[in-house]
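Keep in mind the model is a prediction, meaning the values are calculated, not measured.
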Amino acid sequence: MVHPAKPDWQFSERARSLTSSAIREILKVTERSDVISFAGGLPSPEGFPVEVIQKAFSDVLATRGKSALQYGPTEGYAPLREWVARDLTAHGARVLPEEVLIVSGSQQGLDLIGKVLIDPASRVLVETPSYLGALQSFSLYQPEFRSVPSDEEGLLPDALSSELCAKARFLYALPNFQNPTGRTLSLERRHALVEAAARHHLPIIEDDPYGELRYRGQPLPGLLGLAQGSGASVFRLGSFSKVLAPGLRLGYIAAPAPLLAKLAQAKQATDLHTASLTQMAVHEIVKGGFLESHLPAIRRLYQRQCTVMLEALAATFPKEAHWTHPDGGMFIWVTLPSGMDTTTLLEAAIKEKVAFVPGAPFYAEAGPRNTLRLSFVTVPEERIREGIARLGALITHTLAASEPRAA
Ligand SMILES: Cc1ncc(COP(=O)(O)O)c(C=O)c1O
(Lines give C-alpha, C1' and ligand atoms only; values in the text may rest on other atoms or scores of the structure.)
Protein backbone atom coordinates (compact mmCIF):
# COMPACT_ATOMS: atom_id res chain seq x y z
CA MET A 1 0.00 0.00 0.00
CA VAL A 2 1.32 3.46 -0.89
CA HIS A 3 1.13 5.97 1.94
CA PRO A 4 2.87 9.21 2.89
CA ALA A 5 6.29 8.86 4.55
CA LYS A 6 5.03 10.81 7.57
CA PRO A 7 1.71 9.40 8.77
CA ASP A 8 -1.09 11.95 8.74
CA TRP A 9 -3.08 10.03 11.33
CA GLN A 10 -2.69 10.11 15.08
CA PHE A 11 -3.18 7.10 17.32
CA SER A 12 -5.53 7.43 20.25
CA GLU A 13 -4.05 7.35 23.73
CA ARG A 14 -5.60 3.88 24.08
CA ALA A 15 -3.93 2.61 20.93
CA ARG A 16 -0.60 4.04 22.04
CA SER A 17 -0.82 1.98 25.20
CA LEU A 18 -1.02 -1.24 23.13
CA THR A 19 2.31 -3.01 22.81
CA SER A 20 3.33 -6.15 21.01
CA SER A 21 5.00 -8.43 23.51
CA ALA A 22 8.61 -9.44 23.02
CA ILE A 23 7.56 -12.98 23.83
CA ARG A 24 5.09 -13.04 20.97
CA GLU A 25 7.96 -12.21 18.64
CA ILE A 26 10.07 -15.06 20.04
CA LEU A 27 7.14 -17.43 19.85
CA LYS A 28 6.67 -16.80 16.12
CA VAL A 29 9.69 -19.08 15.70
CA THR A 30 7.78 -21.86 17.41
CA GLU A 31 5.45 -22.15 14.44
CA ARG A 32 8.34 -23.84 12.57
CA SER A 33 7.65 -27.54 12.18
CA ASP A 34 11.08 -28.53 13.58
CA VAL A 35 10.28 -26.88 16.95
CA ILE A 36 8.33 -28.91 19.53
CA SER A 37 6.04 -26.24 20.87
CA PHE A 38 4.26 -26.46 24.21
CA ALA A 39 3.63 -22.73 23.86
CA GLY A 40 0.30 -22.77 22.03
CA GLY A 41 -3.01 -22.32 23.78
CA LEU A 42 -4.96 -24.05 21.02
CA PRO A 43 -7.30 -27.00 21.60
CA SER A 44 -6.46 -30.22 19.76
CA PRO A 45 -7.90 -30.28 16.22
CA GLU A 46 -8.43 -34.03 16.77
CA GLY A 47 -11.40 -32.96 18.87
CA PHE A 48 -13.08 -30.89 16.14
CA PRO A 49 -16.21 -32.70 14.88
CA VAL A 50 -15.73 -31.48 11.30
CA GLU A 51 -18.41 -33.63 9.63
CA VAL A 52 -21.01 -32.84 12.29
CA ILE A 53 -20.32 -29.11 11.88
CA GLN A 54 -20.43 -29.40 8.10
CA LYS A 55 -23.78 -31.18 8.22
CA ALA A 56 -25.26 -28.64 10.64
CA PHE A 57 -24.26 -25.69 8.46
CA SER A 58 -25.62 -27.34 5.35
CA ASP A 59 -28.89 -28.37 7.08
CA VAL A 60 -29.43 -24.82 8.32
CA LEU A 61 -28.71 -23.36 4.88
CA ALA A 62 -30.99 -25.90 3.21
CA THR A 63 -33.94 -25.43 5.56
CA ARG A 64 -33.64 -21.83 6.86
CA GLY A 65 -31.03 -20.30 4.56
CA LYS A 66 -32.68 -16.93 4.15
CA SER A 67 -33.06 -16.22 7.86
CA ALA A 68 -29.59 -17.66 8.64
CA LEU A 69 -28.09 -15.12 6.22
CA GLN A 70 -30.12 -12.17 7.52
CA TYR A 71 -29.19 -9.73 10.31
CA GLY A 72 -30.31 -11.02 13.69
CA PRO A 73 -30.93 -9.71 17.22
CA THR A 74 -27.89 -8.42 19.13
CA GLU A 75 -28.69 -10.60 22.15
CA GLY A 76 -28.40 -13.73 20.02
CA TYR A 77 -30.45 -16.46 18.35
CA ALA A 78 -33.34 -17.13 20.75
CA PRO A 79 -33.20 -20.98 20.65
CA LEU A 80 -29.45 -20.91 21.40
CA ARG A 81 -30.02 -18.50 24.32
CA GLU A 82 -32.67 -20.92 25.60
CA TRP A 83 -30.30 -23.87 25.24
CA VAL A 84 -27.54 -22.06 27.17
CA ALA A 85 -30.00 -21.09 29.93
CA ARG A 86 -31.24 -24.69 30.21
CA ASP A 87 -27.70 -26.06 30.20
CA LEU A 88 -26.61 -23.69 32.97
CA THR A 89 -29.73 -24.53 34.97
CA ALA A 90 -28.96 -28.25 34.57
CA HIS A 91 -25.49 -27.48 35.95
CA GLY A 92 -26.92 -25.84 39.07
CA ALA A 93 -27.30 -22.14 38.15
CA ARG A 94 -30.84 -20.93 37.51
CA VAL A 95 -30.60 -18.72 34.43
CA LEU A 96 -33.33 -17.38 32.15
CA PRO A 97 -32.86 -17.07 28.37
CA GLU A 98 -33.15 -13.28 28.64
CA GLU A 99 -30.13 -13.34 30.98
CA VAL A 100 -27.94 -14.81 28.21
CA LEU A 101 -26.04 -12.73 25.66
CA ILE A 102 -24.45 -14.67 22.80
CA VAL A 103 -21.00 -13.29 21.97
CA SER A 104 -18.38 -13.84 19.28
CA GLY A 105 -16.14 -15.93 21.53
CA SER A 106 -15.83 -15.37 25.27
CA GLN A 107 -12.90 -13.10 24.40
CA GLN A 108 -15.49 -10.64 23.10
CA GLY A 109 -17.33 -11.08 26.38
CA LEU A 110 -14.21 -9.96 28.24
CA ASP A 111 -13.91 -6.90 26.04
CA LEU A 112 -17.59 -5.99 26.49
CA ILE A 113 -17.27 -6.36 30.26
CA GLY A 114 -14.23 -4.07 30.18
CA LYS A 115 -16.20 -1.56 28.10
CA VAL A 116 -19.20 -1.35 30.41
CA LEU A 117 -17.60 -1.85 33.83
CA ILE A 118 -14.14 -0.23 33.74
CA ASP A 119 -13.29 3.48 33.83
CA PRO A 120 -9.68 4.70 33.70
CA ALA A 121 -8.06 3.91 37.08
CA SER A 122 -10.96 1.67 38.20
CA ARG A 123 -9.69 -1.11 40.39
CA VAL A 124 -9.92 -4.62 38.92
CA LEU A 125 -8.90 -7.68 40.94
CA VAL A 126 -7.28 -10.61 39.16
CA GLU A 127 -5.80 -13.94 40.17
CA THR A 128 -2.04 -14.37 40.38
CA PRO A 129 -1.28 -15.41 37.66
CA SER A 130 -4.25 -14.85 35.35
CA TYR A 131 -5.36 -15.35 31.73
CA LEU A 132 -3.21 -13.12 29.55
CA GLY A 133 -6.02 -12.44 27.06
CA ALA A 134 -8.20 -11.02 29.85
CA LEU A 135 -5.39 -8.80 31.10
CA GLN A 136 -4.97 -7.53 27.53
CA SER A 137 -8.71 -6.97 27.07
CA PHE A 138 -9.19 -5.13 30.35
CA SER A 139 -5.97 -3.10 29.86
CA LEU A 140 -7.58 -1.24 26.96
CA TYR A 141 -9.89 0.38 29.50
CA GLN A 142 -6.93 1.44 31.67
CA PRO A 143 -7.81 -0.12 35.04
CA GLU A 144 -5.61 -0.34 38.09
CA PHE A 145 -4.99 -4.08 38.41
CA ARG A 146 -4.60 -5.52 41.89
CA SER A 147 -3.52 -9.14 42.27
CA VAL A 148 -5.16 -11.66 44.56
CA PRO A 149 -2.62 -14.28 45.64
CA SER A 150 -3.26 -17.95 44.91
CA ASP A 151 -1.78 -21.32 45.74
CA GLU A 152 -2.36 -24.93 44.64
CA GLU A 153 -6.08 -24.69 45.49
CA GLY A 154 -6.62 -21.49 43.52
CA LEU A 155 -7.08 -17.94 44.72
CA LEU A 156 -7.09 -17.16 48.45
CA PRO A 157 -10.47 -15.71 49.49
CA ASP A 158 -8.90 -14.63 52.81
CA ALA A 159 -6.77 -12.18 50.85
CA LEU A 160 -9.91 -10.25 49.85
CA SER A 161 -9.55 -7.61 52.53
CA SER A 162 -11.86 -4.59 52.81
CA GLU A 163 -8.93 -2.44 51.74
CA LEU A 164 -8.34 -4.52 48.57
CA CYS A 165 -12.02 -4.77 47.64
CA ALA A 166 -12.82 -1.10 48.30
CA LYS A 167 -14.03 0.48 45.08
CA ALA A 168 -13.04 -2.63 43.05
CA ARG A 169 -15.30 -2.93 40.01
CA PHE A 170 -14.99 -6.72 39.94
CA LEU A 171 -12.84 -9.77 40.54
CA TYR A 172 -11.97 -11.83 37.46
CA ALA A 173 -11.86 -15.51 38.47
CA LEU A 174 -11.06 -18.77 36.64
CA PRO A 175 -12.32 -21.57 38.89
CA ASN A 176 -11.67 -24.63 36.68
CA PHE A 177 -8.29 -25.77 35.28
CA GLN A 178 -7.18 -22.21 35.17
CA ASN A 179 -5.27 -20.75 32.26
CA PRO A 180 -2.27 -20.59 32.77
CA THR A 181 -1.79 -22.87 35.82
CA GLY A 182 -4.27 -25.72 35.34
CA ARG A 183 -5.34 -25.22 38.98
CA THR A 184 -8.90 -25.69 40.24
CA LEU A 185 -10.49 -23.63 42.99
CA SER A 186 -11.38 -26.01 45.82
CA LEU A 187 -14.99 -26.37 47.02
CA GLU A 188 -14.22 -24.81 50.38
CA ARG A 189 -12.66 -21.79 48.68
CA ARG A 190 -15.60 -21.45 46.29
CA HIS A 191 -17.92 -21.08 49.26
CA ALA A 192 -15.52 -18.69 50.98
CA LEU A 193 -15.10 -16.64 47.80
CA VAL A 194 -18.83 -16.21 47.25
CA GLU A 195 -19.26 -15.31 50.91
CA ALA A 196 -16.46 -12.70 50.70
CA ALA A 197 -17.90 -11.30 47.46
CA ALA A 198 -21.31 -10.83 49.11
CA ARG A 199 -19.72 -9.21 52.16
CA HIS A 200 -17.63 -6.76 50.12
CA HIS A 201 -20.25 -6.15 47.38
CA LEU A 202 -17.61 -7.36 44.94
CA PRO A 203 -19.00 -8.70 41.63
CA ILE A 204 -17.22 -11.77 40.27
CA ILE A 205 -16.62 -12.49 36.58
CA GLU A 206 -16.53 -16.28 36.38
CA ASP A 207 -14.67 -17.31 33.21
CA ASP A 208 -15.05 -21.03 32.60
CA PRO A 209 -14.08 -22.18 29.10
CA TYR A 210 -12.47 -25.40 30.38
CA GLY A 211 -15.04 -26.62 32.94
CA GLU A 212 -16.39 -29.40 30.68
CA LEU A 213 -12.88 -30.77 30.15
CA ARG A 214 -12.56 -32.47 33.53
CA TYR A 215 -10.87 -35.87 33.31
CA ARG A 216 -10.15 -36.54 37.01
CA GLY A 217 -12.24 -36.15 40.16
CA GLN A 218 -15.77 -34.88 40.66
CA PRO A 219 -17.13 -31.70 39.03
CA LEU A 220 -17.43 -28.82 41.50
CA PRO A 221 -20.35 -26.36 41.59
CA GLY A 222 -19.84 -23.19 39.59
CA LEU A 223 -19.62 -19.79 41.27
CA LEU A 224 -22.81 -18.53 39.60
CA GLY A 225 -24.90 -21.34 41.09
CA LEU A 226 -23.25 -21.01 44.51
CA ALA A 227 -23.85 -17.27 44.55
CA GLN A 228 -27.58 -17.47 43.92
CA GLY A 229 -29.39 -16.53 47.11
CA SER A 230 -26.13 -15.49 48.80
CA GLY A 231 -26.27 -11.80 47.93
CA ALA A 232 -23.15 -12.04 45.72
CA SER A 233 -23.21 -11.05 42.03
CA VAL A 234 -21.58 -13.46 39.59
CA PHE A 235 -21.48 -12.90 35.83
CA ARG A 236 -20.48 -15.99 33.91
CA LEU A 237 -18.58 -16.37 30.65
CA GLY A 238 -18.78 -19.59 28.66
CA SER A 239 -17.41 -20.73 25.32
CA PHE A 240 -17.99 -23.28 22.58
CA SER A 241 -14.30 -23.05 21.61
CA LYS A 242 -13.02 -25.91 23.75
CA VAL A 243 -16.05 -28.20 23.43
CA LEU A 244 -16.64 -27.80 19.67
CA ALA A 245 -14.11 -25.61 17.85
CA PRO A 246 -12.58 -22.15 18.42
CA GLY A 247 -12.96 -21.12 14.78
CA LEU A 248 -16.72 -20.92 15.31
CA ARG A 249 -16.09 -17.87 17.54
CA LEU A 250 -19.04 -18.51 19.80
CA GLY A 251 -19.50 -17.94 23.52
CA TYR A 252 -21.93 -16.36 25.94
CA ILE A 253 -22.28 -14.12 28.99
CA ALA A 254 -24.89 -14.90 31.65
CA ALA A 255 -25.71 -11.76 33.63
CA PRO A 256 -28.70 -10.06 35.28
CA ALA A 257 -31.00 -8.28 32.80
CA PRO A 258 -29.93 -4.65 33.53
CA LEU A 259 -26.24 -5.48 33.00
CA LEU A 260 -27.09 -7.62 29.99
CA ALA A 261 -28.93 -4.71 28.37
CA LYS A 262 -25.84 -2.52 28.71
CA LEU A 263 -23.56 -5.28 27.39
CA ALA A 264 -25.92 -5.71 24.43
CA GLN A 265 -25.71 -1.97 23.67
CA ALA A 266 -21.92 -2.23 23.73
CA LYS A 267 -22.03 -5.31 21.51
CA GLN A 268 -24.33 -3.58 19.07
CA ALA A 269 -21.72 -0.85 18.66
CA THR A 270 -19.04 -3.49 18.15
CA ASP A 271 -20.50 -5.98 15.67
CA LEU A 272 -24.34 -5.70 15.70
CA HIS A 273 -24.58 -9.40 16.51
CA THR A 274 -22.73 -12.71 16.33
CA ALA A 275 -23.06 -14.53 12.98
CA SER A 276 -26.63 -15.88 12.70
CA LEU A 277 -25.58 -18.84 10.55
CA THR A 278 -23.02 -19.99 13.13
CA GLN A 279 -25.45 -19.62 16.02
CA MET A 280 -28.11 -21.61 14.20
CA ALA A 281 -25.67 -24.33 13.17
CA VAL A 282 -24.28 -24.67 16.70
CA HIS A 283 -27.80 -24.82 18.10
CA GLU A 284 -28.56 -27.56 15.59
CA ILE A 285 -25.54 -29.50 16.92
CA VAL A 286 -26.06 -29.09 20.65
CA LYS A 287 -29.85 -29.29 20.89
CA GLY A 288 -29.99 -33.09 20.55
CA GLY A 289 -27.32 -33.71 23.23
CA PHE A 290 -24.32 -34.08 20.89
CA LEU A 291 -21.89 -32.77 23.50
CA GLU A 292 -22.65 -35.62 25.91
CA SER A 293 -21.43 -38.12 23.35
CA HIS A 294 -18.58 -35.94 22.04
CA LEU A 295 -16.93 -34.68 25.24
CA PRO A 296 -15.78 -38.04 26.67
CA ALA A 297 -13.46 -38.53 23.67
CA ILE A 298 -11.86 -35.10 24.15
CA ARG A 299 -11.48 -35.72 27.88
CA ARG A 300 -9.80 -39.10 27.22
CA LEU A 301 -7.43 -37.54 24.69
CA TYR A 302 -6.44 -34.68 27.00
CA GLN A 303 -6.08 -36.98 30.01
CA ARG A 304 -3.74 -39.24 28.07
CA GLN A 305 -1.62 -36.32 26.84
CA CYS A 306 -1.54 -34.80 30.33
CA THR A 307 -0.40 -38.10 31.86
CA VAL A 308 2.36 -38.46 29.28
CA MET A 309 3.62 -34.96 30.04
CA LEU A 310 3.48 -35.47 33.82
CA GLU A 311 5.43 -38.73 33.48
CA ALA A 312 7.99 -37.04 31.23
CA LEU A 313 8.38 -34.15 33.69
CA ALA A 314 8.91 -36.55 36.59
CA ALA A 315 11.46 -38.51 34.60
CA THR A 316 13.54 -35.66 33.21
CA PHE A 317 13.12 -32.41 35.17
CA PRO A 318 15.51 -31.62 38.05
CA LYS A 319 14.19 -32.24 41.57
CA GLU A 320 14.31 -28.51 42.35
CA ALA A 321 11.48 -27.87 39.86
CA HIS A 322 7.82 -28.45 40.68
CA TRP A 323 4.64 -28.32 38.67
CA THR A 324 0.84 -28.52 38.85
CA HIS A 325 -1.17 -31.75 38.36
CA PRO A 326 -4.34 -30.56 36.61
CA ASP A 327 -7.66 -32.41 36.88
CA GLY A 328 -8.72 -31.12 33.48
CA GLY A 329 -8.04 -28.53 30.80
CA MET A 330 -4.92 -28.01 28.75
CA PHE A 331 -2.10 -26.58 30.87
CA ILE A 332 0.65 -27.46 33.34
CA TRP A 333 2.44 -24.69 35.23
CA VAL A 334 6.07 -25.22 36.16
CA THR A 335 7.99 -23.37 38.86
CA LEU A 336 11.78 -23.50 38.55
CA PRO A 337 14.22 -22.64 41.35
CA SER A 338 14.14 -18.94 42.20
CA GLY A 339 16.89 -17.10 40.39
CA MET A 340 16.11 -18.80 37.08
CA ASP A 341 14.59 -16.57 34.42
CA THR A 342 12.27 -18.37 32.00
CA THR A 343 12.32 -15.53 29.44
CA THR A 344 16.07 -16.03 29.02
CA LEU A 345 15.57 -19.79 29.17
CA LEU A 346 13.12 -19.60 26.24
CA GLU A 347 15.82 -18.21 23.94
CA ALA A 348 18.09 -21.15 24.83
CA ALA A 349 15.16 -23.58 24.50
CA ILE A 350 14.37 -22.42 21.00
CA LYS A 351 17.97 -23.22 20.03
CA GLU A 352 17.19 -26.75 21.31
CA LYS A 353 14.00 -26.65 19.19
CA VAL A 354 11.53 -26.72 22.04
CA ALA A 355 9.26 -23.92 23.26
CA PHE A 356 7.00 -22.89 26.17
CA VAL A 357 5.45 -19.63 27.35
CA PRO A 358 7.40 -17.84 30.11
CA GLY A 359 5.19 -17.05 33.11
CA ALA A 360 5.94 -13.33 33.56
CA PRO A 361 3.25 -11.90 31.20
CA PHE A 362 0.51 -13.75 33.09
CA TYR A 363 1.03 -11.55 36.14
CA ALA A 364 -0.86 -8.25 36.21
CA GLU A 365 1.70 -6.78 38.58
CA ALA A 366 5.39 -7.64 38.76
CA GLY A 367 5.63 -11.39 39.31
CA PRO A 368 8.27 -14.08 39.67
CA ARG A 369 10.52 -14.75 36.65
CA ASN A 370 10.94 -18.49 37.26
CA THR A 371 7.57 -19.87 36.07
CA LEU A 372 6.42 -21.21 32.71
CA ARG A 373 3.30 -22.63 31.04
CA LEU A 374 3.21 -25.87 29.09
CA SER A 375 0.29 -26.92 26.90
CA PHE A 376 0.07 -30.67 26.32
CA VAL A 377 -2.87 -30.98 23.96
CA THR A 378 -1.57 -30.33 20.45
CA VAL A 379 1.73 -32.25 20.56
CA PRO A 380 1.76 -36.02 19.80
CA GLU A 381 2.83 -38.26 22.70
CA GLU A 382 6.27 -39.15 21.36
CA ARG A 383 7.05 -35.50 20.73
CA ILE A 384 5.88 -34.62 24.27
CA ARG A 385 8.43 -37.07 25.70
CA GLU A 386 11.16 -35.81 23.40
CA GLY A 387 10.41 -32.11 24.00
CA ILE A 388 10.18 -32.42 27.80
CA ALA A 389 13.44 -34.41 27.85
CA ARG A 390 15.17 -31.62 25.89
CA LEU A 391 13.77 -28.99 28.22
CA GLY A 392 14.67 -31.01 31.34
CA ALA A 393 18.25 -31.39 30.12
CA LEU A 394 18.49 -27.67 29.36
CA ILE A 395 17.17 -26.68 32.80
CA THR A 396 19.51 -29.13 34.55
CA HIS A 397 22.44 -27.79 32.55
CA THR A 398 21.48 -24.13 33.19
CA LEU A 399 21.13 -24.82 36.93
CA ALA A 400 24.51 -26.56 37.10
CA ALA A 401 26.17 -23.70 35.21
CA SER A 402 24.73 -21.13 37.64
CA GLU A 403 25.86 -22.94 40.79
CA PRO A 404 28.98 -21.53 42.46
CA ARG A 405 31.93 -23.82 41.78
CA ALA A 406 33.59 -25.52 44.76
CA ALA A 407 36.89 -23.82 45.63
C1 LIG B 1 -9.50 -18.43 30.26
C2 LIG B 1 -9.92 -18.07 28.88
N3 LIG B 1 -10.95 -17.24 28.71
C4 LIG B 1 -11.37 -16.90 27.48
C5 LIG B 1 -10.75 -17.40 26.35
C6 LIG B 1 -11.25 -16.97 25.01
O7 LIG B 1 -11.96 -18.02 24.41
P8 LIG B 1 -12.93 -17.85 23.18
O9 LIG B 1 -12.94 -16.40 22.79
O10 LIG B 1 -12.39 -18.71 22.12
O11 LIG B 1 -14.28 -18.29 23.67
C12 LIG B 1 -9.67 -18.29 26.49
C13 LIG B 1 -8.99 -18.81 25.30
O14 LIG B 1 -8.07 -19.57 25.34
C15 LIG B 1 -9.25 -18.63 27.79
O16 LIG B 1 -8.22 -19.46 28.01
Side-chain angles (χ1 to χ4, degrees), residues 42-112 208-213 224 236-255 257 260-261 263-301:
L42 313 180
S44 170
E46 281 183 48
F48 302 163
V50 179
E51 281 89 34
V52 173
I53 293 175
Q54 184 182 25
K55 182 171 180 319
F57 271 85
S58 96
D59 285 354
V60 168
L61 282 171
T63 55
R64 284 155 292 155
K66 295 245 157 73
S67 63
L69 296 172
Q70 186 53 282
Y71 285 117
T74 303
E75 290 79 2
Y77 177 54
L80 185 62
R81 297 173 78 197
E82 280 159 27
W83 183 87
V84 170
R86 263 201 314 279
D87 188 60
L88 287 173
T89 306
H91 283 83
R94 289 180 315 281
V95 172
L96 300 170
E98 52 273 28
E99 294 169 326
V100 174
L101 175 69
I102 303 294
V103 288
S104 306
S106 53
Q107 190 67 33
Q108 182 180 59
L110 291 167
D111 178 60
L112 295 176
D208 190 21
Y210 303 101
E212 291 287 358
L213 304 182
L224 177 59
R236 185 185 159 90
L237 287 168
S239 174
F240 290 95
S241 293
K242 309 298 180 328
V243 296
L244 282 176
L248 294 164
R249 306 309 305 128
L250 205 58
Y252 67 83
I253 309 177
L260 205 102
L263 291 165
Q265 284 168 9
K267 181 171 166 63
Q268 198 160 39
T270 304
D271 65 353
L272 298 181
H273 64 85
T274 294
S276 312
L277 175 58
T278 308
Q279 295 187 66
M280 291 168 85
V282 166
H283 177 252
E284 201 58 27
I285 295 169
V286 295
K287 72 177 186 195
F290 172 74
L291 290 180
E292 279 94 273
S293 59
H294 176 61
L295 287 172
I298 304 185
R299 293 185 193 120
R300 271 197 304 278
L301 174 69

Legend entry - Residue pair Leu80, Leu250: steps toward the side chain to side chain contact (heavy atoms under 4.5 Å, CB included) verdict: CA-CA 11 Å; Leu80 185 62; Leu250 205 58; 4.0 Å; yes
Legend entry - Note, Leu61 side chain near Leu277 side chain (heavy atom, < 4.5 Å): yes
Legend entry - Atom pair CD/CD1 of Glu75 and Ile102 - distance to nearest 0.5 Å: 10.5 Å
Inset, instruction - Could you pull out the closest heavy-atom pair between Ala68 and Val60, with the gap in Å? - result: CB-CG1, 3.7 Å
Inset, instruction - Could you list all the salt bridge (Lys or Arg N to Asp or Glu O under 4.0 Å) pairs where at least one residue sits in residues 270-283, not counting sequence neighbours? - result: Lys267-Asp271
Legend entry - salt bridge (Lys or Arg N to Asp or Glu O under 4.0 Å) contacts in which one or both residues fall within residues 278-290, not counting sequence neighbours: Arg64-Glu284, Glu284-Lys287
Legend entry - Residue pairs, two or more places apart or on separate chains, that pass side-chain hydrogen bond (donor to acceptor under 3.5 Å, both in side chains) and touch residues 81-100: His91-Glu212
Legend entry - Verdict with supporting geometry, Val243 and Leu295, side chain to side chain contact (heavy atoms under 4.5 Å, CB included): CA-CA 7 Å; Val243 296; Leu295 287 172; 3.6 Å; yes
Inset, instruction - With the side chain counted from C-beta on, respond yes when Met280 and Ser67 share a heavy-atom pair under 4.5 Å apart, and no when they do not. - result: yes
Legend entry - Side-chain touch Ser106/Ser241, heavy atoms, less than 4.5 angstrom: no
Inset, instruction - Please lay out, stage by stage, how Leu224 and Asp208 fare under the test side chain to side chain contact (heavy atoms under 4.5 Å, CB included). - result: CA-CA 11 Å; Leu224 177 59; Asp208 190 21; over 6 Å; no
Inset, instruction - Under the side-chain hydrogen bond (donor to acceptor under 3.5 Å, both in side chains) rule, collect the residues that match up with Thr63, sequence neighbours excluded. - result: none
Legend entry - Residue list, side-chain hydrogen bond (donor to acceptor under 3.5 Å, both in side chains) with Gln265, at least two apart or on another chain: Lys262
Legend entry - Closest non-hydrogen atom pair between Ser276 and Tyr71, with its separation: OG-C, 4.2 Å
Legend entry - Taking every non-hydrogen atom, the tightest pair across Ile285 and Ala56: CG1-CB, 3.5 Å
Legend entry - For the student: nearest non-hydrogen atoms of Val95 and Ala85, plus distance: O-CB, 3.3 Å
Inset, instruction - Would you name the heavy atoms of Tyr252 and Ser239 that are closest together and state the gap between them? - result: CE2-N, 4.2 Å
Legend entry - Partners meeting side-chain contact (heavy atoms from CB on, under 4.5 Å) with Glu46 (sequence neighbours left out): Ser44, Leu301
Inset, instruction - Go through the steps for Leu244 and Phe290 under the test side chain to side chain contact (heavy atoms under 4.5 Å, CB included), then give the verdict. - result: CA-CA 10 Å; Leu244 282 176; Phe290 172 74; 3.9 Å; yes
Legend entry - Validation row: Gln108, Thr274 side chains within 4.5 angstrom (heavy atoms): yes
Inset, instruction - Report yes if some heavy atom in the side chain of His273 is under 4.5 Å from a heavy atom in the side chain of Ser104; otherwise report no. - result: no
Legend entry - Test item: His283 side-chain N/O and Ala78 main-chain N/O as donor-acceptor pair under 3.5 Å: no
Legend entry - Interatomic spacing from CG in Leu96 to CG in Leu88 - rounded to 0.5 Å: 11.0 Å
Legend entry - Backbone N/O of Ala264 and side chain of Thr74: donor-acceptor pair under 3.5 Å: no
Inset, instruction - Write down the atom of Ala245, the atom of Ile53, and the distance for their closest heavy-atom approach. - result: CB-CD1, 4.3 Å
Legend entry - From CD1 (Ile253) to CG (Leu263), nearest 0.5 Å: 4.5 Å
